[in-house]
Protein chains: 2
Amino acid sequence: MAVTLKEVAERAGVSRSAVSRTFTDGASVSDKMRRKVEKAARELGYSPNALASSLTTGRTKLIGLVSNNFHNPIFLEVFDLFTRGLQERGLRPLLVNLTDETDPENSVRMLRQYSVDGVVVASSTLPPGFAKAFRDAGVPVVHSFGRYSSAPQVHVVGIDNVECGRMAAQALIARGYTHVAFMGGPEDATSTQDRFAGFKSEMVKHPDIQASHSFAEAYSFEAGRKEMLRLIDANPAQAYFCGDDVLSIGALSAIEDSKLRVPEDIGIIGLNDMEMARWENIGLTTIHQPIRQIVTSSIELMVAMLNEPDRYPEARIFPCSVVERGTLRPAP
Amino acid sequence: MAVTLKEVAERAGVSRSAVSRTFTDGASVSDKMRRKVEKAARELGYSPNALASSLTTGRTKLIGLVSNNFHNPIFLEVFDLFTRGLQERGLRPLLVNLTDETDPENSVRMLRQYSVDGVVVASSTLPPGFAKAFRDAGVPVVHSFGRYSSAPQVHVVGIDNVECGRMAAQALIARGYTHVAFMGGPEDATSTQDRFAGFKSEMVKHPDIQASHSFAEAYSFEAGRKEMLRLIDANPAQAYFCGDDVLSIGALSAIEDSKLRVPEDIGIIGLNDMEMARWENIGLTTIHQPIRQIVTSSIELMVAMLNEPDRYPEARIFPCSVVERGTLRPAP
DNA sequence: CGTCATTTTGCAACCGGTTGCAAAATGACG
DNA sequence: CGTCATTTTGCAACCGGTTGCAAAATGACG
């Protein structure tokens with residue numbers, strides 16, 4: 001069906017190598033040859049088969065984009081940024097949905113079958129075992145939104161979740177709340193653990209402030225709502241640091257339904273600053289995570305690894321900051 | 001780096017064909033041979049190179065998943081369903097972001113370079129020229145959420161947008177509104193045109209009801225909000241059929257900010273019934289689009305086309321229905 | 001055990017490209 | 001124009017698989 005190199009070579013009356021060379025940059029071809037080949041290629045509607053060439057070059061320009069967050073709106077932004085960024089660099093994202101996958105080996109096998117040049121793990125909840133399994137299989141890996149560690153085993157690009165937890169705690173303290181709480185995402189996610197650790201570390205410095213915590217089942221609206229309804233039924237705190245924005249919005253919905261006011265009765269601070277947090281009917285006070293920068297940096301790091309596979313692992317951490325909207329009362 | 005067929009063959013002491021046959025189902029291999037090969041493969045950690053095999057079989061199992069809707073939360077659900085559905089059938093989605101692309105030829109070239117077996121266009125706003133360009137290039141195409149036409153040129157799976165416009169109009173009429181309006185998405189999207197056509201066709205039957213219309217710039221929160229603020233400033237209708245849910249939510253935000261009440265002052269009915277419409281702090285009355293069924297059917301159709309490329313084009317249309325929540329006043 | 005049909009196996013060519021090497025062409029210079 | 005360095009070109013082997021065909025192996029049956 002498709003036009004091949006051979007046909008172009010025949011039409012142009014040159015060797016197959018010559019055609020191949022005109023389409024690989026950096027190769028030696030005379031202007032005259034190039035013109036002849038390009039003419040024939042144009043007439044035939046030829047475009048080179050990237051997969052066939054990958055067999056000899058060992059490069060497919062395919063990047064596995066692996067995630068398990070298909071119910072958190074921030075990931076639509078993340079996918080948008082990744083796909084555009086990769087495309088701009090001539091790379092192609094193979095999207096892999098790991099929602100129901102528990103065994104890293106399956107994913108490794110699948111990605112190896114497609115000879116991806118690298119894997120971007122875009123998730124804050126996927127067990128670190130996945131990123132490591134890819135690395136162990138010899139595939140360049142960048143774990144975006146992964147856990148920062150002083151001894152990173154794979155490249156990590158993201159934020160310092162511990163520091164964010166601390167910032168959230170400080171924001172609540174600065175506003176004079178005396179009973180605060182952490183309402184986290186799933187307890188087994190490293191992001192949840194780290195945010196909680198930071199939150200706690202700040203709270204122990206303020207024994208006068210009552211602090212408690214609990215966890216929602218997922219980073220989702222429903223989970224946030226359900227957990228907040230439960231908390232309201234018990235003895236709610238004055239203000240909550242919610243694990244992320246979508247959880248916060250679920251919590252806001254629960255508070256509203258319970259005829260309580262935000263921020264008067266209950267204050268909320270989220271994390272991510274996804275587009276929706278800016279929506280005027282939500283107006284969530286939250287911690288801004290610079291996702292655009294994280295994605296750009298992840299892609300740059302991936303490109304660097306493609307050229308230098310044994311690069312020493314690094315962690316790229318981007319600072320976050322509180323963005324003030326309407327769900328936390330002003331400082332006294 | 002990776003283990004190849006040849007190494008497995010050597011270790012097992014058999015021919016390369018034998019190894020190949022054990023890994024292609026339907027091929028003739030004795031039990032004894034199979035055991036020998038599988039043992040060697042296991043020991044070496046071999047998994048076949050899908051891309052190399054695609055060279056001779058002509059099948060890559062790669063499906064281009066093409067979209068330009070990365071700012072409409074419903075598409076996160078769509079991507080989730082597509083990736084999982086394709087994966088279950090052993091197909092791999094190559095995600096293509098066409099947000100900034102205007103020339104179908106570029107996309108055709110790119111997808112041909114990667115020898116995708118088929119293309120799913122998942123968009124209600126992408127110009128139909130894209131789907132046609134893929135088809136003309138000889139690639140099986142399914143246009144999900146595309147325009148229904150009595151003479152479809154490519155396979156279409158979706159809803160009857162004209163009928164939906166009619167349903168929305170009927171819903172507004174049934175509630176006794178006397179001044180209603182259509183607030184559409186971008187005017188050049190076929191979905192907008194069709195929804196508007198259906199809305200109008202119903203309205204001409206009711207000359208006593210005042211009907212007007214306008215268009216937002218995109219199917220996005222910001223666009224919906226902006227357009228509704230403009231309308232409120234002019235002479236707003238009693239109720240609006242908004243082009244889709246995200247537009248509706250933008251409109252709701254504008255109404256709220258203007259200290260008007262929903263549904264008392266202004267009623268809203270959307271279209272899609274995305275997860276967010278169900279969120280209790282939104283509670284949008286809307287028209288349910290069965291996206292799960294649409295995606296499943298799109299995938300089934302794609303699989304069918306892979307086996308029978310010259311299949312006669314068909315349109316698969318799924319019925320929609322109004323789901324009652326809180327943004328339209330009850331019928332009198 | 002021999003005959004014959006059936007199943008299994010290996011050979012060799014092929015899929016659509018790339019690339020090292022040697023030969024051919026080009027061009028600079030006296 | 002001849003010489004020699006440099007650039008361009010084609011040949012042939014290769015990347016990691018698949019597959020038609022013929023030969024070899026198996027097994028049913030008398």
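The chains referred to below are lettered A, B, ... by the order of the sequence lines, with proteins before strands, and numbering in each begins at 1.
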Item to check | Reading 5' to 3' through nucleotides 18-24 of chain C, protein heavy-atom contacts under 4.0 Å coded B for base, S for sugar-phosphate only, - for none | outcome: BBBB---

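- With rounding to whole Å, B:K6 atom NZ is found 16 Å from C:dG10 atom C1'.
- Residues A:R84 and A:D80 are paired through a salt bridge, judged by an N-O separation under 4.0 Å between the basic side chain and the carboxylate.
- Surrounding CZ of B:R311 are more than 12 heavy atoms belonging to other residues, nucleotides or ligands, all under 6.0 Å away.
- Counting heavy atoms from C-beta outward, B:R316 and B:S297 have side chains that approach closer than 4.5 Å.
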Which atom pairs, one a donor and one an acceptor, fall under 3.5 Å between side chains of residues 86-94 of chain A and the rest of the protein, sequence neighbours left out?
{"from": "A:Q87", "atom 1": "OE1", "to": "B:N97", "atom 2": "N", "distance (Å)": "2.7"}
{"from": "A:Q87", "atom 1": "NE2", "to": "B:N97", "atom 2": "O", "distance (Å)": "3.1"}
{"from": "A:R89", "atom 1": "NH1", "to": "A:G85", "atom 2": "O", "distance (Å)": "3.2"}

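- Protein atom CG of B:L51 is 12 Å distant from nucleotide atom P of D:dG16, rounded to whole Å.
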Next on the checklist: Checking B:L301 against B:E314 for the side-chain contact (heavy atoms from CB on, under 4.5 Å) test, could you report, in this order, the C-alpha distance in whole Å, the side-chain angles of both residues, the deciding distance, and whether it holds?
Outcome noted: CA-CA 9 Å; B:L301 187 51; B:E314 65 185 281; 3.6 Å; yes

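- Heavy-atom distances to DNA chain C give each of B:A18 and A:T4 a nearest nucleotide, and the one nearer the 5′ end belongs to B:A18.
- Residue pairs that meet the side-chain hydrogen bond (donor to acceptor under 3.5 Å, both in side chains) test with at least one member in residues 112-122 of chain A, sequence neighbours left out, are A:T60-A:D117.
- Atom CG in B:L55 sits about 8 Å away from atom C1' in D:dG17, given to the nearest Å.
- Using a 4.0 Å cut-off on heavy atoms, none of the residues of residues 107-118 of chain B approach DNA chain C.
- A salt bridge links B:E43 with B:K39; the closest basic N to acidic carboxylate O contact falls under 4.0 Å.
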Item to check | Pair assignment for DNA chain C - dot-bracket with | for other-strand partners, Watson-Crick or G-U under 3.5 Å | outcome: ||||||||||||||||||||||||||||||

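- Side-chain contact between A:V157 and A:F318 is present, with at least one heavy-atom pair separated by less than 4.5 Å.
- Donor-acceptor pairing under 3.5 Å is lacking for the side chains of B:S191 and B:N161.
- Taking the six-membered ring wherever Trp is involved, the centroid distance between the rings of A:F75 and A:F82 does not fall below 6.0 Å.
- Considering B:R34, B:K36, B:R42 as possible partners of B:E38, the one that fulfils the salt bridge (Lys or Arg N to Asp or Glu O under 4.0 Å) test is B:R34.
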Item to check | Chi angles and distances behind the side chain to side chain donor-acceptor pair (under 3.5 Å) call for A:T99, A:N68 | outcome: CA-CA 4 Å; A:T99 304; A:N68 64 339; over 6 Å; no

Checklist entry - When you look at A:E77 and B:H71, which way does the side chain to side chain donor-acceptor pair (under 3.5 Å) test go after all the steps? => result CA-CA 7 Å; A:E77 302 174 42; B:H71 288 273; over 6 Å; no

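- Residues from residues 27-35 of chain B lying near DNA chain C, meaning a heavy-atom separation below 4.0 Å, are B:S28, B:V29, B:S30, B:M33 in numerical order.
- Across the protein-nucleic acid pair, A:E7 atom CD and C:dG17 atom C1' stand 13 Å apart, rounded to whole Å.
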